[in-house]
2 protein chains.
Amino acid sequence: MNEAPNIVRVAALIGDNARAEALCALMSDRALTATELANMAGVTKQTMSFHLAKLREEGLLAVEKQGRHRYFRLAGPHVAELLESLMGLAFRGDDRHLSIGPRDPALRKARVCYDHLAGELGVFVYEQMLETDILQQLPGGLKLTKQGRLWFLKHGIDADALASSKRSFCRACLDWSERRNHLAGALGAALLARIQALGWAKREEDSRVIVFSAKGEASLRAMFAVNNMPPTPDTSLLEPLSLVCK
Amino acid sequence: MNEAPNIVRVAALIGDNARAEALCALMSDRALTATELANMAGVTKQTMSFHLAKLREEGLLAVEKQGRHRYFRLAGPHVAELLESLMGLAFRGDDRHLSIGPRDPALRKARVCYDHLAGELGVFVYEQMLETDILQQLPGGLKLTKQGRLWFLKHGIDADALASSKRSFCRACLDWSERRNHLAGALGAALLARIQALGWAKREEDSRVIVFSAKGEASLRAMFAVNNMPPTPDTSLLEPLSLVCK
DNA sequence: CAAATGGTTCGACTAAGATCGAACCATGAA
DNA sequence: TTCATGGTTCGATCTTAGTCGAACCATTTG
């Protein structure tokens with residue numbers, strides 16, 4: 001009859017240092033092993049194993065066996081979204097106490113949120129896409145326009161191939177540092193992968209920070225310049241990637 | 001350097017039975033006293049007092065003194081939103097285990113989310129508003145159109161008066177049972193208040209359920225019929241309310 | 001095969017924190 | 001003022017669950 005017990009289980013699960021540390025580490029869609037996670041959280045591997053089992057049991061994590069390794073991932077985007085919500089509230093709470101400003105400037109500038117781009121540049125991209133009619137907000141959700149499909153193709157991403165995958169194609173995700181939306185879903189994931197493939201940006205080791213080179217950031221911003229919507233799709237740049245966005 | 005510790009504090013806070021019970025009770029924007037909350041959660045008042053202090057300290061609750069009573073409220077809509085996210089994930093997790101269907105049909109049909117309408121009827125209203133151009137989704141967020149303003153006025157809500165209040169005017173809120181959006185913000189709150197004032201629906205005691213009378217639900221749906229956008233605002237229905245949506 | 005490494009299970013220890021009884025403070029009523 | 005009621009603070013208790021050492025299972029490598 002009451003709904004409280006349900007949320008207690010999940011919240012209590014996240015409300016532990018070691019587990020939260022692991023979850024945060026997994027926010028960067030990397031699949032990590034139990035020992036790696038143990039080291040990051042500063043506990044022994046048997047403790048982490050214990051925690052991972054619990055998280056899996058409650059449906060927050062998924063495992064993938066590969067040889068003698070077991071790779072752990074977040075169970076899905078919905079988990080990442082919940083964690084982002086929590087961060088939003090947590091940092092807001094902190095501000096009231098410590099009244100600190102930007103905590104980690106690099107993290108606010110650009111970071112990975114599950115598997116897509118977040119932070120200042122993430123919302124920039126999202127809003128530019130709406131501005132230039134690559135995306136449209138409809139009652140049912142986000143929609144990729146025809147010209148948008150061409151735009152992605154021009155930048156080496158075959159949106160049609162992505163659309164066939166099971167996971168939600170494109171959706172908005174609330175950015176906790178900017179408190180505005182950025183692009184998530186398979187499309188968002190593909191874009192981030194493309195950015196990295198082009199060498200515009202690199203992931204920092206063991207963190208969610210994405211560092212853009214000066215040239216890379218300029219290229220990103222240039223994607224939305226006047227030359228953004230050529231009526232003839234220019235496929236000479238690269239063969240369209242058929243990204244596997246599992 | 002790490003962001004985990006922050007979310008741990010909030011999550012651990014919610015991850016306790018008594019506290020979660022209190023938070024859920026407060027999801028229905030009602031302001032409740034410590035003893036009331038204690039009874040609901042099944043603990044003594046001193047324990048609840050202890051918990052409430054913690055929740056307040058972390059910025060999840062706000063208090064209001066009134067005579068010898070102290071009324072507790074959620075600190076704001078952001079808290080309610082987080083709780084809804086948690087429920088979404090919690091119930092999803094349950095489904096995997098117990099594979100139960102609709103848990104509480106009435107709750108899914110219509111309920112209060114903080115101070116606005118949620119559930120099946122909530123998302124119906126929201127989507128109708130987009131459909132009929134009462135609201136528009138823009139890059140910056142939701143926008144009330146000119147005709148939308150007239151529409152609200154016709155139904156006894158003075159949107160201009162609400163806009164002056166500090167809280168966010170109108171925004172979308174993700175509905176955990178429907179997994180789609182419903183209308184939140186001052187506008188959403190005013191609408192729900194109006195619905196109740198007109199006697200179309202009543203709040204169930206000690207629950208978030210909103211029960212619509214058959215006539216009430218029909219009236220609600222009729223709001224979006226063809227007679228929805230008269231060029232001349234019909235103010236004869238009632239004087240526009242200047243609702244205080246604190 | 002044996003050795004090495006990744007991962008889990010088991011049991012015991014420990015610390016954190018939820019709980020309540022009792023005393024205490026504040027406000028309002030008689 | 002005295003009584004009653006709402007609320008908090010303090011101290012003691014007790015349970016929960018996070019932790020690690022050690023043993024154990026599984027898989028790959030030499």
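Heavy atoms only: backbone and side chains are in, while hydrogens, waters and symmetry mates are out. Throughout, a chain's letter reflects where its sequence line sits, starting with A, and its residues are numbered from 1.
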For A/Ala62, the side-chain contact (heavy atoms from CB on, under 4.5 Å) test, sequence neighbours excluded, returns A/Arg73
Atom CZ of A/Arg70 and atom C1' of D/dA26 are separated, to the nearest Å, by 11 Å
Spell out, as yes or no, whether a donor-acceptor pair under 3.5 Å connects the side chain of A/Arg194 to the backbone of A/His155. yes
Can you check the B/Glu36 CD to D/dT5 P distance for me, whole Å? 16 Å
So, are B/Arg111 and B/Glu84 salt-bridged, with charged N and O less than 4.0 Å apart? yes
Comparing A/Ala12 with B/Tyr71, nearest DNA chain D nucleotide closer to 5' gives the residue B/Tyr71
Give the rounded distance in Å between these two atoms: CE of B/Met48 and P of C/dG17. 18 Å
Across the strands shown, which category fits B/Thr47 at heavy-atom distances under 4.0 angstrom: base, sugar-phosphate, nothing? base
Measuring from the side chain of A/His69 (C-beta onward, heavy atoms only), which nucleotide among C/dG7, D/dG21, C/dC20 has the closest atom? C/dG7
Answer yes or no: is there an ion pair linking B/Glu217 with B/Lys109, defined by an N-O contact shorter than 4.0 Å? yes
Would you please confirm or rule out a distance under 4.0 Å between OP1 or OP2 of C/dA18 and any side-chain N or O of B/Lys54? yes
For B/Phe50 and D/dG11, what is the distance between atoms CZ and C1' respectively, to the nearest whole Å? 13 Å
Classify the nucleic acid contact of A/Ala18 as base, sugar-phosphate or nothing, counting any heavy atom under 4.0 Å across all strands shown. sugar-phosphate
Any A/Leu89 side-chain heavy atom under 4.5 Å of B/Leu60 side chain: yes
When you measure from the side chain of A/Thr35, which nucleotide among D/dT8, C/dT19, C/dG7 comes out closest? C/dG7
Send over the distance from B/Leu32 CG to D/dG7 P, rounded to a whole Å. 11 Å
Whole-Å distance separating the CG atom of B/Leu13 from the P atom of C/dA18: 9 Å
From the options D/dT8, C/dG7, D/dC20, select the nucleotide whose nearest atom is closest to the side chain of A/Ala34. C/dG7
Considering just the side-chain nitrogens and oxygens of A/Thr44, establish if one lies under 4.0 Å of OP1 or OP2 belonging to D/dC20. yes
Closest approach to the side chain of B/Asp16, judged atom by atom: which nucleotide of C/dA18, C/dT9, D/dG18 is it? C/dA18
Whole angstrom value for the distance that separates P of D/dC20 from NZ of A/Lys45: 13 Å
Spacing of A/Leu52 atom CG relative to D/dA17 atom P, expressed in whole Å: 18 Å
Under the 3.5 Å rule, do the base of D/dG21 and the side chain of A/Gln46 count as making a donor-acceptor pair? yes
